[in-house]
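Below is one structure, written out as structure tokens; the observations come after it.
Reckoned from all heavy atoms, side chains included, excluding hydrogens, waters and symmetry mates.
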Amino acid sequence: MIEYRSAENIMDRLPALAAELVRRQVAVIATVGGPPAVVAAKGTTTTIPIVFITGDDPVRLGFVTSLARPGGNLTGISFFNAELTAKRLALLRELVPAAVHVAVLVNPAIAAITDATLQDVKVAASAMGLQIQVLNASTSREISDAFVTLVRERPDALFVGPGSFFVSRRVQLAHLATRHAVPATYAERDYVEVGGLMSYGASLTDAYRQLGVQTGRVLKGAKPADLPVVRATKFELVFNAETARILGLTVQPSLLATADEVIE
């Protein structure tokens with residue numbers, strides 16, 4: 001039997017939900033909500049195995065001692081989206097060669113991911129000669145407010161940071177970016193499927209499959225402390241051709257040749 005719990009993007013609910021699972025004495029807790037969900041579960045139990053999935057470095061976040069020997073009661077999957085930041089920015093520059101001013105939208109509510117993303121963006125942008133403008137949003141209203149700023153400042157492109165909240169607001173983000181003619185790049189294909197321009201990142205389908213495999217190993221008796229964290233190995237570049245046409249962009253053949261999928 002599987003017990004499901006969802007905070008519905010209200011992060012303050014996570015500790016109570018984790019505590020409820022602990023009271024029910026579940027055999028293992030699998031978290032799919034990123035670092036906030038892992039922190040909530042980790043703070044609730046030191047004995048029940050926890051299998052996580054995260055786009056940031058689990059060692060830096062303090063979830064495990066090392067990738068090879070996690071220690072404690074946690075192990076899981078890491079697709080290191082933060083490490084893909086420079087690549088995603090380079091792809092955006094290739095798609096919009098004239099881009100100089102790039103807005104970066106991040107969620108300050110997930111400080112660990114945001115800090116790592118901004119650090120990587122600033123290093124990559126400096127190497128490419130790009131100017132960065134940071135915009136913050138942790139609610140739907142703040143996303144709308146951020147686009148008011150975009151309309152006023154008119155950046156050449158938009159880089160949307162990773163995080164489950166933004167994924168949950170992907171329709172809003174894709175709609176606003178297209179409505180205001182701002183070429184935008186995202187970390188997951190989910191955005192492109194609903195009209196976003198371009199995404200580059202780990203395949204979440206494959207990452208979730210690996211999460212299931214890792215959880216199965218724990219249920220069969222493997223100890224999280226000795227079960228190495230699995231690093232995602234499958235990455236995908238996806239374009240939305242219709243959105244590119246609406247924005248008046250031509251996706252160069254070299255980019256199309258490397259794309260895993262072009263959504264018409």
Side-chain angles (χ1 to χ4, degrees), residues 2 4 6 9 28-38 41 49-61 63-64 66-68 70 74-92 110 112-113 116-117 120 159-171 173-174 184-220 222 224 226-241 255-264:
I2 300 177
Y4 293 96
S6 173
N9 284 305
V28 60
I29 298 175
T31 70
V32 296
V38 185
I50 298 169
V51 183
F52 58 76
I53 184 168
T54 179
D56 206 345
D57 182 352
V59 176
R60 188 181 66 81
L61 292 174
F63 297 159
V64 296
S66 72
L67 298 182
L74 284 80
T75 188
I77 312 300
S78 179
F79 46 89
F80 282 76
N81 254 348
E83 290 188 354
L84 305 175
T85 296
K87 175 67 173 178
R88 193 148 63 91
L89 196 59
L91 288 166
L92 180 61
I110 49 172
I113 293 179
T117 298
D120 292 340
F159 181 103
V160 177
S164 58
F165 169 67
F166 286 158
V167 175
S168 74
R169 302 305 307 169
R170 60 190 179 277
V171 173
L173 285 162
T185 180
Y186 311 91
E188 290 93 15
R189 63 171 293 124
D190 303 62
Y191 296 90
V192 185
E193 291 176 348
V194 298
L197 175 62
M198 176 181 72
S199 69
Y200 179 75
S203 166
L204 291 186
T205 300
D206 188 64
Y208 286 134
R209 180 191 62 78
Q210 291 177 318
L211 177 69
V213 171
Q214 196 83 324
T215 301
R217 289 171 179 160
V218 172
L219 289 172
K220 290 178 180 178
D226 303 322
L227 198 57
V229 174
V230 175
R231 295 197 61 171
T233 57
K234 184 177 180 180
F235 305 93
E236 54 188 8
L237 172 62
V238 183
F239 290 101
N240 188 304
L255 271 179
L256 289 175
T258 59
D260 294 277
E261 185 176 356
V262 177
I263 298 174
E264 293 290 345

Going by side-chain contact (heavy atoms from CB on, under 4.5 Å), Arg217 matches just one of Val213, Thr215, Leu219. Which one? Val213
Do Tyr200 and Thr185 make a side-chain contact, defined as non-hydrogen atoms from C-beta onward lying under 4.5 Å apart? no
Which heavy atom in Val262 sits nearest to a heavy atom in Leu256, and how many Å separate them? CG2-CD2, 3.8 Å
Is there a side-chain contact between Phe63 and Ile50 (heavy atoms, below 4.5 Å)? no
Provide the closest heavy-atom pair for Leu61 versus Pro35 in the form atom of the first, atom of the second, distance. CD1-CG, 4.0 Å
Could you tell me the separation between the OG1 atom of Thr54 and the CD1 atom of Ile113, rounded to the nearest 0.5 Å? 5.5 Å
Under a 4.5 Å cut-off applied to non-hydrogen side-chain atoms, are Pro224 and Pro49 in contact? yes
Set of residues satisfying side-chain hydrogen bond (donor to acceptor under 3.5 Å, both in side chains) with respect to Arg189, sequence neighbours excluded: Glu193, Glu261
In terms of relative ring orientation, are Tyr191 and Tyr186 parallel, tilted or perpendicular, with 30° and 60° separating the classes? parallel
Between the side chain of Thr75 and the main-chain N/O of Leu227, is any donor-acceptor distance below 3.5 Å? yes
What are the two closest heavy atoms between Leu84 and Ala202, and how far apart are they? CD1-N, 3.8 Å
Does Pro228 offer a backbone N or O that forms a donor-acceptor pair with the side chain of Gln214 under 3.5 Å? yes
For Leu237, does its backbone N or O pair with a side-chain atom of Asp260 as donor and acceptor, under 3.5 Å? yes
How about Ile77 and Tyr208: do any of their side-chain heavy atoms sit closer than 4.5 Å? no
Can you find a heavy atom in the side chain of Val64 that is under 4.5 Å from one in the side chain of Val59? yes
Just verifying a value: how many Å separate Glu188 CD and Leu204 CG, rounded to the nearest 0.5 Å? 5.0 Å
For Ile110 against Pro36, the heavy-atom pair lying closest together: CG2-CG, 3.7 Å
Over all heavy atoms of both residues, which pair between Ala187 and Ser199 is shortest? Give the atoms and the distance, please. C-CB, 4.5 Å
For Gly201, does its backbone N or O pair with a side-chain atom of Arg88 as donor and acceptor, under 3.5 Å? no
How close do Pro58 and Leu67 get, counting heavy atoms only, and between which atoms? CG-CD2, 3.7 Å
Measure from the side-chain N and O atoms of Ser78 to the backbone N and O of Asp56, and report whether any donor-acceptor pair falls under 3.5 Å. yes
Apply side-chain hydrogen bond (donor to acceptor under 3.5 Å, both in side chains) to Asp206 and list each qualifying residue two or more places apart in sequence or on a separate chain. Arg209
